[in-house]
Amino acid sequence: LEINPYWEGLWRKKIELYKKQGNTYEANRLFKRLQQIYPKNQEIKDAYYYELELEYARQSKAGNLVAKGDALRELTKLNPQNVDYQLALINHYYNANLMEKAIDQASLALAENPGNIEILRKKVAILEENGKHNVAIARVKSFIDNGYNTVEARRLYDELMLMTARKEREDDPYVIYGKIFE
């Protein structure tokens, strides 16, 4: 490879050698580099994607959160329309208590999959948990206004508005003093 750095066959042989040695990290790193050298080669891209899926499954089974997150980030970068991996990455950030990253990833996922109600629900749930109720309502409202006025979206909006009404009723001084009096 030092003499012929763009010889695809040699790259693949080196990758296979690393795989046989059990060094998946180096094999994936070389696959990523090969994919960068030949960005238009769909066969290389598909093979790299497949290796990343295997790495993700392996790391999930082993419980290695850092390597699992790295594989998920790369998978979503290569195929941003895959909702399952997008949701898995959002959940990964959520479980790692990185709420802002989870919200940002949900926003990116919605940009790539604009009409997906599952991603919207996930984002709204995280926003609600972090006390950003008004942002959650605004996000659902803009989702509906952008042409995705579905039954699920309408139901989610109604649930949020009902929660708002309950919260405002509980914040009413008359109700608060009534609870104190009881």
Side-chain angles (χ1 to χ4, degrees), residues 19 22-33 35-36 39 42 44-164 166-167:
K19 281 187 199 175
N23 192 348
T24 58
Y25 175 78
E26 277 300 315
N28 286 341
R29 189 183 67 77
L30 287 179
F31 240 130
K32 182 177 182 177
R33 181 68 184 122
Q35 197 259 332
Q36 289 171 347
Q42 190 63 36
I44 293 173
K45 189 175 184 178
D46 291 343
Y48 178 53
Y49 192 79
Y50 177 72
E51 289 297 323
L52 281 173
E53 286 179 324
L54 290 177
E55 182 69 17
Y56 168 65
R58 208 174 11 250
Q59 297 303 336
S60 293
K61 197 173 193 179
N64 187 346
L65 294 178
V66 175
K68 177 183 166 184
D70 292 342
L72 274 173
R73 274 187 289 283
E74 197 64 31
L75 283 167
T76 56
K77 196 181 301 177
L78 287 174
N79 187 4
Q81 285 79 28
N82 189 325
V83 175
D84 294 333
Y85 288 136
Q86 290 283 5
L87 287 171
L89 185 57
I90 293 166
N91 286 333
H92 174 74
Y93 286 139
Y94 178 80
N95 292 334
N97 205 21
L98 299 169
M99 298 303 173
E100 288 302 317
K101 279 191 167 192
I103 292 169
D104 291 343
Q105 185 61 40
S107 297
L108 290 172
L110 276 171
E112 291 294 334
N113 306 291
N116 193 299
I117 192 73
E118 293 176 48
I119 297 172
L120 178 68
R121 281 186 188 281
K122 181 62 73 175
K123 183 175 180 177
V124 166
I126 295 170
L127 287 170
E128 281 290 322
E129 189 172 314
N130 288 305
K132 298 179 180 179
H133 184 73
N134 292 335
V135 176
I137 290 175
R139 183 60 195 121
V140 174
K141 182 75 172 136
S142 69
F143 184 83
I144 291 171
D145 291 343
N146 286 334
Y148 302 107
N149 191 2
T150 62
V151 174
E152 295 91 6
R154 200 35 86 183
R155 189 176 306 134
L156 181 61
Y157 182 75
D158 292 343
E159 288 171 8
L160 289 173
M161 294 309 289
L162 185 62
M163 286 173 49
T164 302
R166 284 184 190 144
K167 185 176 183 220

Heavy-atom side-chain contact between [X] and [Y] under 4.5 Å:
X: V66; Y: N64; answer: yes
X: E118; Y: N113; answer: no
X: Q105; Y: L108; answer: yes

Checklist entry - Is a side-chain N or O of N130 found less than 3.5 angstrom from the main chain of K132, in a donor-acceptor match? => result no

Checklist entry - So, N116 side chain and I119 main chain: donor-acceptor pair closer than 3.5 Å or not? => result yes

Item to check | Pair E152 + R155, salt bridge at N-O below 4.0 Å | outcome: no

Could you tell me which non-hydrogen atom of [X] sits nearest to which non-hydrogen atom of [Y], and how far apart they are?
X: F143; Y: P114; result: CE1-O, 3.1 Å
X: L65; Y: H92; result: O-CE1, 3.0 Å
X: I90; Y: A109; result: CD1-CB, 4.4 Å
X: V124; Y: A136; result: CG1-CB, 4.1 Å
X: L120; Y: L110; result: N-CD2, 4.0 Å

Working to the nearest 0.5 Å, report the span between [atom1] of [X] and [atom2] of [Y].
X: E53; Y: N82; atom1: CD; atom2: CG; value: 7.5 Å
X: Y49; Y: L75; atom1: OH; atom2: CG; value: 5.0 Å
X: K32; Y: L52; atom1: NZ; atom2: CG; value: 9.0 Å
X: L127; Y: K122; atom1: CG; atom2: NZ; value: 12.5 Å
X: K141; Y: Y157; atom1: NZ; atom2: OH; value: 5.0 Å
X: E159; Y: M163; atom1: CD; atom2: CE; value: 8.5 Å

Next on the checklist: Using the ring centroid of each side chain, check whether Y85 and Y56 are separated by less than 6.0 Å.
Outcome noted: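 Ring-ring flag for Y85/Y56: true, centres closer than 6.0 Å.
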
Checklist entry - Sequence neighbours excluded, which residues qualify as salt bridge (Lys or Arg N to Asp or Glu O under 4.0 Å) partners of E26? => result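 Applying salt bridge (Lys or Arg N to Asp or Glu O under 4.0 Å) to E26 gives R29.
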
Checklist outcome for this item: Those residues at least two apart in sequence (or on a different chain) that pass salt bridge (Lys or Arg N to Asp or Glu O under 4.0 Å) with R33 are none

Checklist entry - Are a donor atom and an acceptor atom from the side chains of T24 and K19 found within less than 3.5 Å of each other? => result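 On atom types as modelled, these side chains do not qualify, holding no pair under 3.5 Å.
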
Checklist entry - Between Q86 and E112, does any side-chain donor sit less than 3.5 Å from a side-chain acceptor? => result no

Next on the checklist: Strictly by salt bridge (Lys or Arg N to Asp or Glu O under 4.0 Å), give each pair with a member in residues 76-87 just once, sequence neighbours left out.
Outcome noted: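 Listed once each, the pairs are E74-K77.
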
Who passes side-chain hydrogen bond (donor to acceptor under 3.5 Å, both in side chains) against [X], sequence neighbours left out?
X: Y94; result: E129
X: K68; result: none
X: R73; result: D70, Y93

